[in-house]
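Only one structure is covered here, and it is reproduced in the block below.
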Protein chains: 2
Amino acid sequence: MKCLTDTTEERIKEAAKTVFLEKGFDGTTTRDIASAAGINSALMNYYFRSKEKLFQSIFNDVCTLLFKGMLELINQPISLRDKISKLMDHQFQMMMQNPNLTIFIMNELRLNPERLYGTIGMAKQVPESIFHQQIEDAIAQGIITPIDSHHILTMIIANIQFLFVSKPMTMLAQGLDEAGFNAFATRHMEYVKDMICEYLFKPEPVT
Amino acid sequence: MKCLTDTTEERIKEAAKTVFLEKGFDGTTTRDIASAAGINSALMNYYFRSKEKLFQSIFNDVCTLLFKGMLELINQPISLRDKISKLMDHQFQMMMQNPNLTIFIMNELRLNPERLYGTIGMAKQVPESIFHQQIEDAIAQGIITPIDSHHILTMIIANIQFLFVSKPMTMLAQGLDEAGFNAFATRHMEYVKDMICEYLFKPEPVT
DNA sequence: CAGCGATTTAATCAGATGATTAAATTTTTT
DNA sequence: AAAAAATTTAATCATCTGATTAAATCGCTG
């Protein structure tokens, strides 16, 4: 699964990422990580000084994973309609591959808000992007309903992300298996794309 | 804050609810709960046989808190438009009072899916409600866009709940304080209500 | 008040956990 | 190859944690 560049440090980080994402910080023991990485538990403290330090490293990585692609898309010079569609597609793809990513991050932030300081950089870039200007221009030209870009982004993110945050609940409530959930999620995304675009791009706001 | 009906068992449950909601199951120690309740830590095991048992009791309570009002609303004989609006208002009110409720529940379910079995009853009631029939009728009469009620409920829930799941992130990204967040959330809910209603109740589906 | 059950406490146990240490092994440098 | 540095291991520590036990206290009934 991995190339020959497998250094021990990387192997520990991979194992730690897997275990942390599955069990959360509090639910993970250093011995869990060590055995998942196939190493002695003291080695973890040799490379990273503590469980907390290792976690910070992992947490940074997964936050970057969550934000990086989105930030790139947000700053691309493409049409609004296209951008919104691509933003949702991108999130969807990412969450299909890593369904626990968002709930893991949001929950760890809730449990330990100091971790926010590591994400300030990325978080602040989102609202200060080309996207924001693009929205304001479109509003000025009467192309879309007047609405702050923060609200639009929240709509885009919430409608995709919550699907995965509530995945176990949804599967239970509807009696779905993995395949069934994927089908539901795929269809839902189409609905949501339509809904958001129709809301934004309608000819005249109701006022 | 509480009436004279304060039995020790209730005091333990209150304290446990507070601590569990704040720190999660893994992050909570029995001594945390005991000291929050002002009791000896052995008392906890006298009333509830174990930390796990106590947690199950609490978890049941908060799941009921999350679902009960929504289920009642869903089965009320009121118009669809009204129902959707009231459903969102109800969730919003509940989350303003208890912002961590949903992420706590969703995360504990993720960490320990066996807990789902305690919520089967409530979860399965949602899709099998009057609401579902109401949607089908409205579709048959051409009043709303043809779309399965599961998707509608998901839209209603996601757009409110994710606001609170991502509350710390949102506050950071936009540089908001509590009051600022509340204002943002309140405004967002109005947008989302409009968006969902306009999507559902438009005269003709685009097809 | 004596006796009995319910409630509460202090003390303690056994196991888990994060971290350290000192020694062994491997890799790199000279 | 010898010396030095980096990597890895086994063993161990101190603390924390969930749970138990045995004794103390309270409240009620006869």
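Below, chain A is the first sequence line, B the second, and so on; all start at residue 1.
Donor-acceptor pairing under 3.5 Å is lacking for the side chains of B:Glu72 and B:Gln76. Between the side chains of A:Asp137 and A:Gln133, a donor-acceptor pair is found at a separation under 3.5 Å.
The side-chain contact (heavy atoms from CB on, under 4.5 Å) test with B:Phe92 singles out one residue from B:Met95, B:Met96, B:Met94, and that residue is B:Met96.
Taking atom NZ on A:Lys23 and atom C1' on C:dA16, their separation rounds to 13 Å, with Å as the unit. Rounded to whole Å, atom P of D:dA19 lies 13 Å from atom CZ of B:Phe48. Regarding B:Ile39, its CD1 atom lies at a distance of 14 Å from the P atom of D:dG18, rounded to whole Å.
Looking at heavy atoms from C-beta onward, A:Asn107 lies out of side-chain contact with B:Phe104 at the 4.5 angstrom threshold. A:Ile144 places none of its side-chain heavy atoms less than 4.5 Å from the side chain of A:Tyr199.
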Pull out every protein N or O sitting under 3.5 Å from an N or O of nucleotides 5-7 of chain C, one pair per line with the distance.
from, atom 1, to, atom 2, distance (Å)
C:dT7, OP2, B:Tyr46, OH, 3.3

Enumerate all atom pairs, one protein N or O and one N or O from nucleotides 18-27 of chain C, separated by less than 3.5 Å.
from, atom 1, to, atom 2, distance (Å)
C:dG18, OP1, A:Thr28, O, 3.4
C:dG18, OP1, A:Lys51, NZ, 3.0
C:dG18, OP2, A:Thr30, N, 2.7
C:dG18, OP2, A:Thr30, OG1, 3.1
C:dG18, N7, A:Arg31, NH1, 2.9
C:dG18, O6, A:Arg31, NH2, 3.1
C:dA19, OP2, A:Lys51, N, 2.9

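To the nearest 0.5 Å, atoms CG (B:Leu80) and CD1 (B:Ile143) are separated by 8.0 Å.
Residues satisfying the side-chain hydrogen bond (donor to acceptor under 3.5 Å, both in side chains) criterion with B:Glu22, sequence neighbours excluded, are absent altogether.
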From CA spacing to verdict: salt bridge (Lys or Arg N to Asp or Glu O under 4.0 Å), B:Asp32, B:Lys23
CA-CA 10 Å; B:Asp32 285 341; B:Lys23 305 187 177 186; 3.5 Å; yes
